[in-house]
Amino acid sequence: MDEGVFIGGDGMAERYEPKKIEPKWQKAWEEQGLYRTPDVSDKDNHYFLTMYPYPSGDLHIGHWYVMAPSDAGARFKRMSGYNVLFPMGFDAFGLPAENAAIKRGIHPRTWTMSNIENMRRQMRSMGPMFDWSREVVTCDPSYYKWNQWIFLKFFEKGLAYRALAPANWCPKDETVLANEQVINGRCERCDTPVVKKDLVQWFFKITAYADELLRFEGIEWPEPIQLAQRNWIGRSEGARLRFPIEGQPDASIEFFTTRPDTIFGATFMVLAPEHPLVERITAPAKRHEVSKYVDAARNRTDIERLSLEREKIGVFTGAYATNLFTGERIPIWIAEYVLMGYGSGAIMAVPAHDERDFAFAKKHGLPIRQVISPDGTEQELDEAYAGEGVMVNSGPFEGTPSVEAKRKIAELAKQKGWGDAAVSYRLRDWLISRQRYWGTPIPIVHCPTCGLVGVPESELPVLLPEDVDFQPHGESPLARHSGFMNTTCPRCQGPAKRDPDTMDAFVDSSWYMWRYPNPRYERGFADPEANRHWSPVDQYTGGTEHAVMHLLYARFFTKALRDLGYLWFGEPFVRLFNQGQIVLRGRRMSKSRGNVEAPDTYVEQYGADSFRLFLMFIGPWEEGADWDAAGIEGTFKFLKRLWTLVLAHSSAPAHDGPPIEELERLRHRSIKRVTEAMERFRWNIAVAALMEYLRDIQAAKGSEQSISYDRALRSLLLLLAPMAPHISEELWQRLGATRSIHLESWPTYDPAAVAEREVTVVIQVNGKVRDRVIVPAGSSDAELTRLARENPRVKASLDGARVSRVVVVRDRLVNVVTGKG
RNA sequence: GCCGACGUAGUCCAAUCGGCAGAGACGUGACGUUCAGGACGUCAAGGUUGUGGGUUCGAAUCCCACCGUCGGCACCA
């Protein structure tokens, strides 16, 4: 027989040609409306969601790696008896569209929409079960209207607010960036070093939910993602205290510390260069030096700060505070290692017990006093001791264990009115305003008399004008569009200006999952009726790169919208699965690197089914893989063998002979293996099990006429259907089916039928294999022990030694252990 | 520096509860089919499970230390 060819009755060979069958079925499924999911059916609903892509232009291998296995998962769930919603859409706002458009002179909307068109086409070639009738495109006014609506609800409740903040500013993109968009001090998009710039910005108050975001009860998320979010939120317990400033009776320095137990060792204080008190407290003699330092610090990029080798440089303000616990006057310094964005931008410096303070004290000749000792005695410190111990040099607390002292010091401070125990978070509020064009306009009117006024709901959406000069000029492009900017105040009807900024695109993705159930709903961001059937999302899949941004924002939005009364649950995604990334020679694929592998040539050559299967076969999904197309032949050959075998069977005269036990056992075993692998998203094991199963069927020569053989092939097709939907549909029809294989039920297995009748049991002496025996499955321990003790090879290797024990693992092994000595 | 994941055949990877190291695939080699190559089929070789220690009758699997690769965080008081 030739390659993938079946010589039919008429002598014509029919080859497996994916190019012929795949488009045919894609068209047929679409015409049949096979993937239109009803909101209500006689089955349980299951919402399976994979992260929507950014429409960058072409679907690359990374997209396939995310989507194809997700599609298999959704299809598996559907065959398992659920009514599955598996929608798709486009994350269509954001910087790349604007940057690309600027470069090519095309309007961002034109560029984006043509990319979407192209990517839809490419996605269809994958053969996924997306319900396109529910597609969401975020740059559509009918979508972003609800960004604005949610913004206004947040604004009313104080969850959206404006504040002057030293923002991360990218000089090249001429925009502010969220903390999450700054990678190693550089702009996530263009790699330009980021500088600080004071701007009035819009924030969402995610910190109001810091504590609740730390809890993951009731949801099944991978432990590493939970950990990443916990670390990002960075909750720490300690105390917030105030020390008075000498000569400034109505001001004090507030600071947060996790180590109140070390307070007797606080020999100086340090303020962040941007700290509001700096100007006020600086001694006249120091003014010049201090302002020089502050200016330099502000203009430094984060990159420069890091490249200073974390040298602890700073300047003395000439002012003094009082350490209320020791009564000492301690100098107030300013230094960059204290960050304005954390705590209150000021610290008590305890050089003996903090590495950074130690380095600073050494450099500037400040006193170092040990107050915690591991053993209660004082010793010479050549580095900071950050561990626990017993307090020394600590007045009334002398001898107290430091762990206990943390609480006691906070209590004393509270009594005296100096402060109290407190919790601090690393998490900052989410800066959402962008000085760019391609985003959702912020629905706020700046009125000279009324101040900030929300646009009335009836006037939404505030449309993003099309005729805008979006070339960057260091301000929001909308600011130069007078038709957009000039408006009237909704409250006093006087002349007013619109807000020229747009929203971070992460706002869009924070709630898109509630839009899918009914994307055309006009009376709210989410259709309550449709959402009642689907939400929250049962299964979410996506990349680990979203561990702390999208996934945290979406949780925040869900909780906030719940508290506003619009959702009835607090977690958006019940189960989360994070797949790994496809890399090329160890490097992330990206357009800017120019190392993007296009799937199209592989789809052209081997078909979508082989390519899907190969992506799933390449390794465990959660681990990702280094791209190497070498193995794709393997999955292609597998499908060709399947094709040949099924076609031969389809033209065979009859298959009604008696069942064959071994073939039935193989079938049950394969169903079990594949089912369990699919449940765990271990596609590689599932594919391997199918390959093995096919070989087993091929090996059952002479059984072709049996009912078991027929069942075996049909089950194989059913098991393959979620992963390779086209070929399984084609062959299913060839076997005489009248309706789609994708409407069939997942095959079930009988555990009893999986078990082998006879098993090979290994016989060991002291853990070394001496013999193997074939025994009936389920043989008793006593029987196995007897077999082992009487075994001639065991006797020979025992050589008269005393047997101290016999370990029996039923159906597996017997280990004869000899006594010691 | 801190946190996390992963190290199994030349390569990608299996091994469900601690129980025979090998399911599947790539590559390599031999043989068959073929005029030949390809394709297809049959078979084969290939191992100190990263290193060292520990627990155990028994460790790829559990524990400790180290090395390596990748990812995240990175002056967070």
Side-chain angles (χ1 to χ4, degrees), chain A residues 1-5 183-185 222-225 227-228 230-232 234-236 238 255-259 262 270 302 305-306 308 310-312 335-339 341-350 353-357 359-360 424-428 544-545 547-548 580-581 583 586-588 614 617-620 622-626 628-635 637-638 640-641 644 673 676-677 680 682 684-695 698 760-769 771-772 804-818:
Chain A
M1 202 171 285
D2 208 339
E3 71 163 292
V5 168
I183 314 292
N184 287 330
E223 207 51 56
I225 299 295
L227 197 66
R230 283 199 187 94
N231 290 341
W232 185 263
R235 183 181 200 273
S236 38
F255 59 93
F256 175 78
T257 177
T258 54
R259 293 296 302 273
T262 65
V270 187
D302 286 357
R305 292 187 182 205
L306 284 172
L308 291 172
R310 303 192 176 180
E311 204 184 347
K312 294 290 175 287
E336 277 178 83
Y337 82 92
V338 175
L339 309 173
Y342 182 79
S344 55
I347 61 159
M348 67 170 194
V350 185
H353 305 291
D354 182 281
E355 204 186 313
R356 298 152 299 178
D357 298 346
F360 193 83
S424 185
Y425 301 91
R426 208 192 75 112
L427 181 73
R428 322 286 214 262
T544 46
E545 66 272 22
V548 289
Q581 285 183 357
V583 296
R587 303 212 142 269
R588 270 182 71 172
F614 175 60
F617 189 55
I618 207 165
E622 64 267 41
E623 281 172 27
D626 206 336
D628 177 10
I632 192 167
E633 287 283 353
T635 52
K637 281 197 288 197
F638 163 64
K640 283 198 293 192
R641 281 202 305 275
T644 307
R673 282 185 179 175
E676 287 172 357
R680 293 191 295 148
R682 295 292 294 270
N684 54 327
I685 306 171
V687 175
L690 289 174
M691 287 173 165
E692 194 182 350
Y693 185 33
L694 178 64
R695 292 230 176 257
Q698 275 182 309
T760 302
V761 170
V762 169
I763 300 189
Q764 298 179 332
V765 175
N766 292 328
K768 291 197 177 75
V769 178
D771 205 355
R772 295 181 170 85
S804 64
R805 61 187 286 205
V806 178
V807 180
V808 179
V809 181
R810 199 167 289 193
D811 291 349
R812 284 190 187 273
L813 68 71
V814 184
N815 187 12
V816 180
V817 184
T818 59

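In this text the structure is predicted, and so the values were computed from the model without any measurement. Below, chains carry the letters A, B, ... as their sequence lines are ordered, and counting in each starts from 1. Computation of the quantities below employed the complete heavy-atom set of this structure, encompassing side-chain atoms and omitting hydrogens, waters and symmetry-equivalent molecules.
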Inset, instruction - Could you tell me the separation between the CD atom of A/Glu355 and the C1' atom of B/C75, rounded to a whole number of Å? - result: 9 Å
Inset, instruction - Pull up the glycosidic torsion of B/C31 and say syn or anti, syn being anything within 90° of 0. - result: anti
Legend entry - side chain to side chain donor-acceptor pair (under 3.5 Å) against A/Asn684, all qualifying residues, sequence neighbours excluded: none
Legend entry - Pairing residues for A/Asp354 by the salt bridge (charged side-chain N to carboxylate O under 4.0 Å, His left out) criterion, not counting sequence neighbours: A/Arg356
Inset, instruction - Dot-bracket for RNA chain B, please, read 5' to 3', with Watson-Crick or G-U wobble pairs under 3.5 Å on both distances, ( ) within the strand, [ ] crossing, | other strand, . unpaired. - result: (((((((..((((.....[..).))).(((((.......))))).....(((((..]....))))))))))))....
Inset, instruction - Select base, sugar-phosphate, or nothing to describe what A/Ser424 touches, counting heavy atoms under 4.0 Å on all strands. - result: nothing
Legend entry - Protein-nucleotide distance (A/Arg259, atom CZ; B/A77, atom C1'), rounded to Å: 11 Å
Legend entry - Which residues share a side-chain contact (heavy atoms from CB on, under 4.5 Å) with A/Ala625, sequence neighbours left out: A/Ile582, A/Ile618
Legend entry - Any residue meeting side chain to side chain donor-acceptor pair (under 3.5 Å) with A/Gln698, in chain and number order, not counting sequence neighbours: none
Legend entry - Qualifying residues under salt bridge (charged side-chain N to carboxylate O under 4.0 Å, His left out), relative to A/Glu692, sequence neighbours excluded: A/Arg669, A/Arg673
Legend entry - A/Asp811: partners by side-chain contact (heavy atoms from CB on, under 4.5 Å), with sequence neighbours left out: A/Val759, A/Ala777
Legend entry - d(CD, A/Glu622; C1', B/C12) in whole Å: 15 Å
Legend entry - Counterpart residues, side-chain contact (heavy atoms from CB on, under 4.5 Å), relative to A/Glu623 (two or more places apart): A/Pro620
Legend entry - Protein proximity profile, nucleotides 13-25 of chain B - base contact B, sugar-phosphate-only contact S, no contact -, cut-off 4.0 Å on heavy atoms: SSSB--BB--BBS
Legend entry - Backbone of A/Ser236 reached by a side-chain donor or acceptor of A/Ser424 within 3.5 Å: no
Inset, instruction - Sticking with atom C1', work out how far B/C64 lies from B/C17, rounded to a whole angstrom. - result: 23 Å
Legend entry - Spacing of the P atoms in B/U49 and B/A21 (rounded, Å): 11 Å
Legend entry - Length of the line joining A/Asp628:CG and B/G27:C1', which is rounded to integer Å: 10 Å
